[in-house]
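Scroll down for the structure; my scribbles are underneath it.
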Amino acid sequence: MEKVLEILNSFINYEKIGTIPRDLEIFKDFLKKIGSPHEKLKNIIHIVGTKGKGSVSFYISRFLINSGFKVGTYISPHILDVRERIMLNLEPINEIDFVNLFYQVYDKMEHKKKHFRTYFETLTAMAFLYFYYEDCDYCVIEAGLGGRLDATNVFNKSNVIITKIHFDHIHILGNTLSQIAFEKASVIKENSLVFTSYQENEAFEVIKRIIDERNSKLIFVEFEILENSLGGVKFKMNNRIFKTPLIGNFQAYNCALSIKAFEEITKFEFNQNLFKNVRIPYRFEILEKNNKKIILDVAHNYLSIFEVINNAIKLFKKEPIIIFSLAKDKDLESISKIIEPFFVLLVDIENPRLFKPYEISKFLKRYKIFNNVVLAVEYALNSQYEIVIVTGSTYLISEFLKSL
């Protein structure tokens with residue numbers, strides 16, 4: 001496994017560079033060399049959007065598993081182990097299968113040509129092979145970045161879930177909601193079911209136009225939040241009441257989308273038992289230490305970070321202290337306005353993709369800089385604050401978990 005990771009980590013990694021390839025045809029040609037596994041997959045559910053893609057991937061996968069289906073789930077990024085990205089029934093692929101699949105893909109690469117496979121493309125190809133070999137009943141595929149040029153956008157047929165669209169990766173996807181919506185909605189294929197819920201008008205108009213152009217069917221999901229507590233979120237949809245055990249108003253959006261897609265695609269009626277074992281890692285997860293609540297959330301764009309902090313304040317009625325880092329491809333100026341009212345502990349993580357703490361501190365009034373997350377957590381736990389939020393970057397969450 002170590003040798004495989006060494007080779008894999010030597011590949012171009014656009015997640016770290018903060019950009020994407022500009023040509024899908026080269027990757028499609030490569031997939032032919034490994035037998036076009038993407039064309040043999042059954043019941044593909046393709047998930048795009050700015051906020052909530054990961055949550056919807058976990059929700060709908062769990063509902064399908066609890067209904068007796070065999071489910072392949074492909075997500076990104078990972079937090080601790082790259083195998084988290086490729087899951088069978090929401091269990092990470094084992095090391096033996098990971099290594100075998102890697103070499104199947106690696107052996108077909110033309111190593112001396114300039115179009116060498118990237119980190120994300122390699123993992124995507126491995127996921128397609130794995131789900132084909134395992135004969136999955138459903139394949140839940142989360143797009144990496146955008147959609148139109150994403151390596152996951154190679155299917156001839158799929159149903160699509162579009163989560164909330166907002167500003168993110170604007171240097172790649174565009175600086176208007178209509179541009180961003182176009183990039184994401186471009187994964188829609190002919191005669192597909194397309195699920196979405198409340199969107200800004202600018203984004204929604206683009207989604208509707210692409211759906212019409214491709215003779216697909218829009219299923220718009222309406223819901224009403226009834227209650228948000230530490231026990232979960234209760235909401236009403238189609239005169240039925242549901243309660244997700246996960247915390248935060250934003251989970252009602254993700255859950256409602258997932259339930260509706262599950263029912264329309266499988267033709268099964270949803271029941272509360274399908275929530276059994278629902279867990280979405282590091283989305284408003286609460287740990288307790290030193291009589292304090294530590295909230296972990298991989299939120300890393302404006303809307304997500306706003307929701308996490310706002311939700312924490314509503315639930316606990318106390319001002320939090322925030323442990324924070326942020327990637328350079330994010331809108332620092334806008335995001336800093338969300339965290340600026342709070343005391344912020346900035347962590348200096350050795351990663352070229354992240355802003356240095358001094359760059360973030362220019363936008364803050366109350367802050368302290370730490371060389372590592374252990375010192376930041378220690379400071380927070382010894383402070384007057386009872387609520388600690390760790391957010392802003394998957395890299396930060398990863399460092400925090402390693403420190404445990």
Side-chain angles (χ1 to χ4, degrees), residues 1-16 27 30-31 33-47 53-109 117-145 150-155 158 277-283 298 394 397-398 401-402:
M1 186 72 181
E2 283 184 21
K3 180 62 178 174
V4 165
L5 291 179
E6 183 184 328
I7 300 170
L8 183 61
N9 289 328
S10 72
F11 294 172
I12 296 169
N13 189 340
Y14 286 104
E15 291 172 21
K16 290 187 176 178
F27 183 53
F30 176 74
L31 288 174
K33 294 179 183 176
I34 59 170
S36 299
H38 60 297
E39 294 180 359
K40 301 168 186 173
L41 300 181
K42 296 182 287 188
N43 298 316
I44 295 152
I45 302 171
H46 203 178
I47 301 169
K53 287 183 300 180
S55 293
V56 169
S57 299
F58 275 93
Y59 268 128
I60 200 159
S61 295
R62 178 54 65 191
F63 299 160
L64 290 165
I65 294 162
N66 288 349
S67 301
F69 294 109
K70 192 175 191 180
V71 183
T73 308
Y74 181 56
I75 61 166
S76 60
H78 63 275
I79 304 298
L80 291 174
D81 188 325
V82 68
R83 295 182 299 113
E84 297 165 19
R85 296 179 182 232
I86 304 172
M87 295 184 285
L88 183 65
N89 288 343
L90 288 180
E91 291 295 327
I93 182 173
N94 65 56
E95 288 193 7
I96 294 172
D97 286 337
F98 188 91
V99 170
N100 289 338
L101 285 167
F102 174 79
Y103 282 114
Q104 281 185 54
V105 173
Y106 184 65
D107 289 345
K108 295 290 184 182
M109 294 179 186
R117 297 276 56 79
T118 69
Y119 183 92
F120 186 74
E121 288 172 329
T122 303
L123 291 168
T124 304
M126 289 167 61
F128 295 162
L129 278 174
Y130 187 53
F131 301 156
Y132 167 60
Y133 291 152
E134 290 291 340
D135 193 25
C136 293
D137 299 310
Y138 284 88
C139 297
V140 177
I141 310 292
E142 178 192 349
L145 197 159
D150 190 74
T152 62
N153 188 27
V154 293
F155 306 112
S158 63
N277 296 326
V278 162
R279 175 182 176 256
I280 302 175
Y282 321 123
R283 270 74 167 185
V298 291
T394 55
I397 298 296
S398 177
L401 293 169
K402 288 173 188 172

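As the structure is a computational prediction, the values presented were derived from the model and not from experiment.
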Practice item. Could you tell me which non-hydrogen atom of G144 sits nearest to which non-hydrogen atom of K53, and how far apart they are? Key: O-NZ, 3.2 Å
Check your understanding: Within the distance-only criterion (no hydrogens, no angle test), does the side chain of R85 pair as donor or acceptor with the backbone N or O of S76 below 3.5 angstrom?
Key -> no
Check your understanding: Would N94 and D97 count as having a side-chain donor-acceptor pair, cut-off 3.5 Å?
Key -> yes
Point to revise | Student check: side-chain heavy atoms of I93 and M126 closer than 4.5 Å | key: no
Review point. Taking all atoms of both residues into account, what is the closest heavy-atom pair of K40 and G35, and its distance?
Key: NZ-O, 2.9 Å
Check your understanding: Of all heavy-atom pairs between T152 and A143, which one has the smallest distance, and what is that distance?
Key -> OG1-CA, 3.5 Å
Practice item. Drop me the distance from T124's OG1 to F27's CZ, to the nearest 0.5 angstrom. Key: 5.0 Å
Practice item. Answer yes or no: is there a side-chain heavy-atom contact under 4.5 Å between F63 and V278? Key: yes
Practice item. Please examine the side chains of F30 and V105, heavy atoms only from C-beta on, and report whether any two atoms are closer than 4.5 Å. Key: yes
Practice item. Determine the minimum heavy-atom distance between E121 and A151, stating which atoms define it. Key: CG-CB, 4.0 Å
Revision key, fill the gap. Between the CD1 atom in I65 and the CG atom in L90, the distance rounded to the nearest 0.5 Å is 3.5 Å
Point to revise | Side-chain heavy-atom pair H38, S36 within 4.5 angstrom cut-off | key: yes
Review point. Rounded to the nearest 0.5 Å, how far does NZ of K108 lie from CG of L31?
Key: 13.0 Å
Revision key, fill the gap. Contacts of F155 meeting ring pair (Phe, Tyr, Trp, His ring centres under 6.0 Å) (sequence neighbours excluded), chain-then-number -> H46, F128
Practice item. Could you check if a side-chain atom of L123 sits within less than 4.5 angstrom of a side-chain atom of F98, using non-hydrogen atoms only? Key: yes
Check your understanding: Any idea which heavy atoms bring T122 and T118 closest together, and the distance?
Key -> OG1-O, 2.7 Å
**Study point:** P281 vs F58 side-chain heavy atoms within contact, under 4.5 Å
**Key:** yes
Revision key, fill the gap. One should read off an interatomic distance between I86 CD1 and H78 NE2, to the nearest 0.5 angstrom, of 11.0 Å
Study note, to complete from the structure: In this structure, CG of L41 is separated from CD1 of I141 (nearest 0.5 Å) by 6.5 Å
Exercise for review: Keeping the roles fixed (side chain from N89, backbone from E91), state whether a donor-acceptor pair exists under 3.5 Å.
Suggested key: no
Practice item. May I ask you to test the K3-F102 pair for a side-chain heavy-atom distance under 4.5 Å? Key: no
Review point. At what distance, to the nearest 0.5 angstrom, does CD1 of I60 lie from OG of S55?
Key: 13.0 Å
**Study point:** Derivation of the side chain to side chain contact (heavy atoms under 4.5 Å, CB included) call for Y106 and F11
**Key:** CA-CA 11 Å; Y106 184 65; F11 294 172; 3.9 Å; yes
Review point. Donor-acceptor pair, S398 side chain versus L80 backbone, under 3.5 Å?
Key: no
Check your understanding: Among all residues two or more places apart in sequence or in another chain, which pass the ring pair (Phe, Tyr, Trp, His ring centres under 6.0 Å) test with F131?
Key -> none
Check your understanding: If we only count heavy atoms from C-beta on, is the V140 to I47 side-chain gap below 4.5 Å?
Key -> yes
Quiz: residues 132-139 side-chain donor-acceptor pairs under 3.5 angstrom, not counting sequence neighbours:
unit_1, atom_1, unit_2, atom_2, d
Y133, OH, Q104, OE1, 2.7
E134, OE1, K70, NZ, 3.2
D135, OD1, K42, NZ, 3.0
D137, OD2, K70, N, 2.7

